[in-house]
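Notes for the one structure printed next.
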Amino acid sequence: MNPGMIIAIVSTAIGCLVAGSFAYGTVFPVRVTETTDLAASPAEVWAVLADTSAYHEWNPSIIESSGTVAEGECLDNTVVFGDGTMRFTPRVLVADPGRELTWRGSTAVPGLADGTHSFVLSPLPDGGTRLTQEETFVGVLVPWTTGMLRAMEPEFVAVNTAIGERAAQLQQSRP
């Protein structure tokens, strides 16, 4: 076998692996979901989510954020990632006050690991809010990082808890 043929075979194998990973990661996305009942109204929870400039004060995951929470706008988020941080700029897909905030972000190369992240607020009979936070991951790297992505569940619990605590602080600070 000549070197050109070896290169062609290796290139084809790598191409098949990437295409297969992309197809698998698209057909079988990884979802991380956490639902928490909060003692705050949907409007109060929305106020916490929409104030991106205050995320650094309460959010254990997104430690810096800026941008306008409105459909079509981009946010600039810095998240805790392992022992460091990672910056990403998701586009807001849904900004329905008191109901839903959804954005979509990707790695530096779209298609490697793209995530659609949502916060869905449902009113409870007692005036509180059922908060469902979910992220759906698709892309080439998703089949290879499923364990790491699923390990985000405790982080979602922490963020939902922090949202409830922040909403309670804002309730107490009102006259």
Step by step, work out the side chain to side chain donor-acceptor pair (under 3.5 Å) result for Glu155 and Ser61.
CA-CA 7 Å; Glu155 178 183 316; Ser61 177; 2.6 Å; yes

Any donor-acceptor pair under 3.5 Å linking the side chain of [X] with the backbone of [Y]?
X     : Y     : result
Arg91 : Cys74 : no
Thr52 : Gly67 : yes
Tyr55 : Leu49 : yes
Glu73 : Ala70 : no

Rounded to the nearest 0.5 Å, what separates atom CG in Asp76 from atom CZ in Phe88?
9.5 Å

Ser41 OG to Asp126 CG distance, which is reported to the nearest 0.5 Å
11.0 Å

Contact between [X] and [Y] at the side-chain level, heavy atoms closer than 4.5 Å - yes or no?
X      : Y      : value
Ile163 : Val45  : yes
Trp46  : Val69  : yes
Glu134 : Val32  : no
Val30  : Thr136 : no
Leu124 : Thr129 : no
Glu57  : Arg166 : yes

Leu75 with Met86, same ILVMFWY side-chain cluster at under 4.5 Å
yes

Taking it one step at a time, do Glu153 and Glu34 satisfy side-chain contact (heavy atoms from CB on, under 4.5 Å)?
CA-CA 7 Å; Glu153 290 175 2; Glu34 180 59 35; 5.6 Å; no

Regarding Ser65 and Asn77, is there a side-chain donor-to-acceptor distance under 3.5 Å anywhere?
yes

Locate the shortest heavy-atom distance separating Gly127 from Pro42; write the atom from each residue and the value.
O-CD, 4.3 Å

Taking all heavy atoms of Pro60 and all of Ala162, pick out the closest pair and write down the distance.
CD-CB, 3.8 Å

Show your working on side-chain contact (heavy atoms from CB on, under 4.5 Å) between Trp58 and Val48 and close with a plain yes or no.
CA-CA 9 Å; Trp58 64 268; Val48 172; 3.5 Å; yes

Test side-chain contact (heavy atoms from CB on, under 4.5 Å) applied to Val159 and Asn59, step by step
CA-CA 6 Å; Val159 169; Asn59 196 318; 3.8 Å; yes

For the pair Glu64 and Arg87, find out whether any cationic side-chain nitrogen is under 4.0 Å from an anionic carboxylate oxygen.
no

Output the rest of the hydrophobic cluster of Val94: all Ile, Leu, Val, Met, Phe, Trp and Tyr residues reachable through side-chain heavy-atom contacts under 4.5 Å, sorted by chain and number.
Leu93

Evaluation steps, side-chain contact (heavy atoms from CB on, under 4.5 Å), between Ile63 and Thr85
CA-CA 9 Å; Ile63 56 172; Thr85 60; 3.7 Å; yes

Which pairs of donor and acceptor atoms, one on a side chain in residues 110-120, lie under 3.5 Å apart (sequence neighbours left out)?
residue	atom	partner	partner atom	Å
Asp114	OD1	Gly111	N	3.2
Asp114	OD2	Gly111	N	3.1
Thr116	OG1	Arg104	NH1	2.6
His117	ND1	Glu135	OE1	2.5
His117	NE2	Gln133	OE1	3.0

Consider side chain to side chain donor-acceptor pair (under 3.5 Å). Of Asn160, Thr161, Thr132, which one does Thr36 pass it with?
Asn160

